[in-house]
Structures are given as structure tokens and as C-alpha cells.
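The structure appears right after this line, and notes come after that.
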Amino acid sequence: MILKRLLTVCVFFFLSTTLIAQNQSTKSDQSIPKAKTFTSDQSVRIDGKNIDLEATTGTMKLRDKNNKPIALFGYTSYIKKNVDDKESRPIVFAYNGGPGSASFWLHMGVLGPKRVVINDPDYTGPAPYDVVNNEHSILDKADLVMMDPVGTGLSVPVGEKEFKDFWGVDQDIESVSQFIRQYLIKHERLNSPKYILGESYGTFRNAGVMAHLQDQGIELNGVIMVSSVFDLRQLLFPPGEDLSYIVHFPTYAATAWYHDKVDGKKENIENFLDEVRAFTKNEYAPALYAGDQLTDQEKQDIANKLTSYTGLSADYWLKADLRVTNGEYFAEFLRDEGEIVGRLDSRFTGINRDLISQTAEYDPQSAAISPPYITGFLDYFYNDLGVDKDLHYQTSAGSREGFSWDWSHTGNTAWGAQVAINTGIDMARTMSHNPNVKVLILNGYYDLATVFYGVEYTIDHLGLEPEIKDNIIMKYYEAGHMMYTHPPSLEKFDNDVSEFITNTSN
């Protein structure tokens with residue numbers, strides 16, 4: 001009798017706990033918002049031909065390796081209609097950088113079916129803004145998926161995850177790679193020619209994503225890097241480190257050339273920069289390496305040459321100990337004219353409100369183009385693409401409460417200690433493991449955010465075999481970070497990327 005009662009109690013306890021667990025699981029599933037998508041018919045006219053597109057905007061439920069929902073991942077896809085063989089049609093996954101930027105810059109600047117018209121390189125007037133057919137879109141060559149990493153666009157964490165679980169070098173690489181993999185599976189595009197395209201921090205992300213996907217058995221046909229940085233040392237100007245000053249100098253010189261501050265200015269900027277590269281490598285870098293071992297005369301001679309290339313006075317260079325940060329350059333270069341130059345594009349200038357400031361207060365390029373891009377995109381997003389107007393589109397995760405980025409990266413540890421973050425190492429490993437993947441790197445001469453000489457330095461120090469290094473293609477533009485705001489560079493961007501996709505997708 002006692003045994004029977006014990007068995008009854010045990011069975012009751014088991015059933016009760018099972019039901020409780022099922023109820024909790026059901027409640028947990030019910031508490032996770034459903035992914036929403038909005039479809040519309042779009043088209044783009046390129047080379048006199050209309051391309052009909054199925055546009056899908058919204059979110060996809062992202063799951064971890066245990067199939068637990070972790071995020072609603074926002075995206076906009078453009079898929080060409082009436083394609084019999086989807087496997088032969090290339091597909092490009094694209095995003096901006098930040099970290100923490102949504103993808104509307106690339107979306108409305110160069111890749112999507114519509115683009116915002118900018119008064120480059122000056123301020124664009126107030127609304128109404130011109131949103132026009134983008135004859136330079138890549139949609140004649142490939143389908144397109146514009147991605148918004150978690151914290152941007154419509155992308156939010158769900159379930160047990162929080163924003164902080166996605167905000168970091170490795171966390172970001174993993175979630176972006178998960179989305180690409182799950183999208184390819186869901187939409188039956190695993191066997192299509194595949195590409196990723198990132199801008200700015202998006203290139204830093206690209207190098208990690210291509211490695212992560214490769215490790216998952218997904219090889220890419222190509223990777224497109226727009227305004228690249230792989231080695232973060234180059235951006236930081238840390239004490240006792242000369243590399244940042246060295247790689248920035250040619251862009252200082254390019255800026256001076258553009259603004260007619262170079263004596264005996266050469267007509268061709270490429271020839272001028274070849275001369276600047278040689279000076280930087282053979283004279284400026286050794287001078288910085290010498291430190292306080294330079295004689296006063298040697299230091300004066302270098303300062304005079306720095307002046308001839310940059311327009312900054314020799315006295316300023318000497319006071320700076322031959323080392324000028326980009327922030328200092330923005331403020332000093334046109335100080336006598338009451339202006340500052342742009343960080344993202346040094347062709348842009350703006351009013352200097354503090355003529356004794358050491359660094360610039362703001363970026364004129366960003367101030368000039370942000371309103372038309374943001375307003376133009378949001379109008380297109382909610383009206384043309386038909387997204388529910390109650391859904392908030394987050395243009396930058398940086399304005400979310402608690403935004404903080406985890407800069408550690410497992411690919412850059414030595415003896416258990418963190419060293420300089422450089423995802424170029426990930427790119428080199430992936431290219432060596434997959435000798436067929438090609439990388440296209442697009443650089444703006446007037447980009448003082450991610451400088452072209454820094455990219456060249458990184459590529460030259462990856463230790464790649466010659467035949468693997470030949471898989472890296474470098475292209476240059478007479479514009480800045482977002483070279484596509486410059487009409488001639490927009491056309492060149494189209495040609496360079498289209499040629500790259502055509503040559504690597506067959």
C-alpha cells in the first residue's frame with residue numbers, strides 16, 4: 001500500500017513538472033515576437049532595360065546552434081523576377097559599418113534600385129530630396145540582401161538574449177554569419193554564387209565573416225571591401241606607436257593636393273601620390289623611427305618636406321614632433337580660412353566655430369549628407385517598400401541605451417593575452433584555405449577615416465603567397481569614404497563591382 005502511494009506521488013510529481021516545463025516553454029515561445037515581412041513589386045532601369053524585382057523587407061527569426069530563437073534580424077532583399085535557374089544568379093549580402101550603423105547608406109547610395117541625389121561635395125538643400133532610379137545598381141548582375149545587424153534597423157534580440165550579446169567583434173561576426181547561412185538555406189540559394197560586401201567597419205567584419213562561413217563549409221566567390229580597415233592600430237594614434245602617423249600621411253597630402261595647397265602641384269593625383277608614397281616609406285617613416293636621435297637639422301629638413309606636401313607650416317610640424325593626428329589635421333589645415341575639412345571625405349569643408357581648437361568639433365561630410373540620406377531612406381522604406389509605420393527603424397545602435405562594443409577577438413590572442421585587433425589575419429587564413437576566393441578592395445584617396453595607405457600596408461604584411469595575393473584587387477577613387485556620393489566615382493564603382501561579379505561568378 002505504501003509502495004503504491006509512493007508510485008502515485010512520483011507519477012503525479014513527474015506529470016506536474018513536465019506540464020509546468022511545457023507551459024513555461026509554451027509561454028516562452030509565445031513571448032517571442034513573430035518575424036514580419038512586407039513584400040512589394042519594385043523595378044530598376046539599367047542600360048535602358050527594366051529589371052523587375054520582388055522586394056521583401058522585415059525580419060527573419062535568427063536561431064542559434066540549438067535552434068533557440070535569439071533575434072529578429074532585419075533585412076531588405078531584392079530578387080529578380082522570372083529567373084528560371086536561381087542557382088546561376090549571384091547573390092550579394094551587404095552592410096555598412098560603425099560598428100552600430102544600419103545599412104541605409106549603401107542601400108540608398110549605390111546598391112539598391114533607388115538612390116538619393118547628393119550635392120557633392122557641398123551641403124544638400126533641405127527637403128524635398130531627390131530619390132531617383134539608380135542606374136548604377138548592381139541588381140543587373142546579382143540579387144541583393146541589405147542586412148541590418150542587431151541593434152540597427154528592425155533587428156532586435158529575442159528570448160534570453162540581450163543587445164549586449166550581439167555587440168562585439170566576435171558576437172557580431174557570428175550573428176551576421178548565422179543570418180547569411182540561414183537565409184541561404186531558407187531561400188534555397190546555397191548553390192548560388194555568393195558575395196559579401198561591407199563598408200568601413202563592415203570590411204573589418206567581412207574578414208571575420210568570410211572566415212566564419214568558410215569554417216561552416218560555405219565558400220564565397222568573392223568579398224567586396226568598401227573603404228577598408230583591418231588593423232585597428234592604424235586608427236588610434238597610440239603613444240609610442242608611429243604606424244598611425246605613417247599610414248595617414250599620404251591622405252593628408254592628397255587633401256592638400258585637392259585644395260590646391262601643394263606648391264608646384266602635379267596635374268595627376270596618381271603620379272603625385274606615387275611620389276608621396278616614396279617619401280613616406282623612404283624618409284618620413286625612418287625619421288619617426290629614429291625618435292629623439294634625429295639632429296635638429298634633420299628634423300627641420302623633414303618638417304620642411306612635410307610642409308611642402310601638406311600645406312601645414314613647418315613650425316606646426318616641429319611643435320607636433322613630426323606627428324599630427326587626423327583630428328588635429330582637420331582643425332589645422334584650413335584654420336586661417338575659418339574652416340575644417342571632413343573626416344569621411346576631406347573634399348568637404350565646414351565652418352570652424354573654434355579657431356583655437358586643437359581638433360575638429362564635427363565632420364562636415366557627415367553633417368552635409370546625413371539628413372538627405374536618412375530622410376530619403378525612411379520615406380522610401382515606409383512608403384515604397386510598405387513597411388508598417390508603427391515599426392521603428394534604428395539608424396544607429398550607438399544611440400541605444402547601454403551601447404558598448406566588446407573589442408576582443410579570439411583570432412588575435414597570443415599566450416592568452418589580447419593583442420592588437422586585426423581581422424586581416426582571418427582574411428589571410430581564409431584566402432589560403434580557399435585559393436579561389438577573390439577580394440575586391442575599393443579605396444578613396446580623400447578618406448581620412450580608413451586611409452588607403454593603411455590598407456596597402458596591411459595587405460603587404462599578411463604574409464600571403466604571391467599567387468594568393470594576386471587574388472586581391474585594389475581600386476582607387478578620387479573621392480572619400482563614401483565614394484559613391486561623387487558622380488564619376490559612382491559610375492566607376494558600378495563598373496568595378498560589376499566586372500568583379502561577372503569575372504568571379506562563372
Side-chain angles (χ1 to χ4, degrees), residues 33-46 49-61 72-82 92-96 100-120 123-140 142-156 179 183 187 197 199 366-397 399-400 482 484-485 490:
K34 291 184 178 181
K36 294 182 179 180
T37 56
F38 307 86
T39 59
S40 61
D41 294 327
Q42 301 294 331
S43 66
V44 61
R45 189 168 181 82
I46 301 174
K49 298 179 181 178
N50 283 334
I51 300 172
D52 293 325
L53 306 163
E54 180 182 331
T56 302
T57 305
T59 56
M60 186 179 84
K61 189 172 289 185
L72 297 180
F73 204 109
Y75 71 98
T76 298
S77 65
Y78 297 100
I79 308 299
K80 184 179 180 181
K81 293 183 177 181
N82 303 318
V92 177
F93 294 88
Y95 31 71
N96 277 89
S101 174
S103 65
F104 64 92
W105 304 102
L106 284 168
H107 196 156
M108 298 299 284
V110 64
L111 297 181
K114 297 288 191 293
R115 64 181 178 86
V116 177
V117 178
I118 298 298
N119 185 25
D120 177 274
Y123 284 78
T124 302
Y129 301 114
D130 289 332
V131 177
V132 300
N133 173 73
N134 182 16
E135 69 277 20
H136 298 295
S137 170
I138 65 170
L139 284 164
D140 58 334
D143 291 335
L144 174 65
V145 183
M146 299 302 309
M147 299 171 54
D148 289 321
V150 176
T152 72
L154 302 179
S155 301
V156 293
F179 173 85
Y183 182 96
H187 295 276
L197 185 155
E199 179 183 301
S366 181
I369 72 169
S370 292
Y373 264 93
I374 293 172
T375 300
F377 171 76
L378 292 178
D379 183 61
Y380 170 73
F381 187 71
Y382 289 111
N383 294 312
D384 291 57
L385 295 179
V387 177
D388 185 342
K389 294 179 175 62
D390 288 335
L391 294 177
H392 173 72
Y393 187 92
Q394 185 76 17
T395 58
S396 172
S399 60
R400 287 191 183 275
M482 302 163 70
Y484 42 84
T485 66
L490 172 63

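Just so you know, these numbers come straight off a predicted model, no measurement behind them.
Looking only at side-chain heavy atoms (C-beta outward), Leu197 and Leu111 come within less than 4.5 Å of each other. Contact annotation: the side chain of Val150 approaches that of Phe73 to within less than 4.5 Å [non-hydrogen atoms, C-beta and beyond]. Side chains of Pro371 and Tyr123 form no contact here, defined as non-hydrogen atoms less than 4.5 Å apart. A heavy-atom distance below 4.5 Å is found between the side chains of Arg115 and Leu490.
In this structure, CD in Glu54 is found 7.0 Å from OG in Ser77, a value given to the nearest 0.5 Å. From Thr56, atom OG1 reaches atom CD1 of Ile79 across 7.0 Å, with rounding to the nearest 0.5 Å. Rounding to the nearest 0.5 Å places CG of Asn82 at 7.0 Å from CG of Asp52. Atom CG of Leu385 sits about 5.5 Å away from atom CD of Gln42, to the nearest 0.5 Å. Atom NZ of residue Lys61 and atom CZ of residue Phe179 lie 14.5 Å apart, to the nearest 0.5 angstrom. Going from atom CG of Asp120 over to atom CE of Met482 covers 10.5 Å, rounded to the nearest 0.5 Å.
The nearest pair of heavy atoms linking Ser137 to Pro113 is OG-N, 4.4 Å. Annotation for Leu106 and Glu199: closest pair CD2-OE1, 3.3 Å, computed over non-hydrogen atoms. Between Ala102 and Gly153 the shortest heavy-atom distance is CB-N, 4.0 Å. When all heavy atoms are compared, the tightest approach of Gly74 to Ser155 is N-OG, 2.5 Å. Across Val117 and Thr124, no two heavy atoms sit closer than the pair O-CG2, 4.2 Å. Closest approach of Ile138 and Leu144 over heavy atoms only: CD1-CD1, 4.2 Å.
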key: Worked check of side-chain contact (heavy atoms from CB on, under 4.5 Å) between Met108 and Tyr129   = CA-CA 12 Å; Met108 298 299 284; Tyr129 301 114; over 6 Å; no
request  = In sequence, state the C-alpha distance, the side-chain angles, and the governing distance for Asn383 and Lys389, and then conclude on side-chain contact (heavy atoms from CB on, under 4.5 Å).
outcome  = CA-CA 9 Å; Asn383 294 312; Lys389 294 179 175 62; 3.5 Å; yes
request  = Apply side-chain contact (heavy atoms from CB on, under 4.5 Å) to Val145 and Asp143, showing your working.
outcome  = CA-CA 7 Å; Val145 183; Asp143 291 335; over 6 Å; no
task = Could you check Val156 against Gln394 for side-chain contact (heavy atoms from CB on, under 4.5 Å), going step by step and ending with a plain yes or no?
result = CA-CA 10 Å; Val156 293; Gln394 185 76 17; over 6 Å; no
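Judged purely by atom type and a 3.5 angstrom limit, Asn134 has no side-chain atom pairing as donor or acceptor with the backbone of Gly109. Arg400 places a side-chain N or O within 3.5 Å of a backbone atom of Gly151 that can act as its donor or acceptor partner. Remark: the backbone N or O of Lys36 is paired with a side-chain donor or acceptor of Thr59 at under 3.5 angstrom.
Between Phe377 and Tyr393, the distance from one ring center to the other falls under 6.0 angstrom. If you look at Phe381 and Phe104, their ring centroids are not closer than 6.0 Å.
By the 6.0 Å contact criterion, NZ on Lys114 is enclosed, its count of non-hydrogen atoms from other residues, nucleotides or ligands being greater than 12.
Applying the side-chain hydrogen bond (donor to acceptor under 3.5 Å, both in side chains) test to every pair with at least one member in residues 100-113, sequence neighbours left out, gives these pairs: Tyr78-His107, Ser101-Trp105, Ser103-Asp148.
Scored by the side chain to side chain contact (heavy atoms under 4.5 Å, CB included) test, Leu391 finds Phe38, Leu154, Val387, Asp388 as partners (sequence neighbours excluded).
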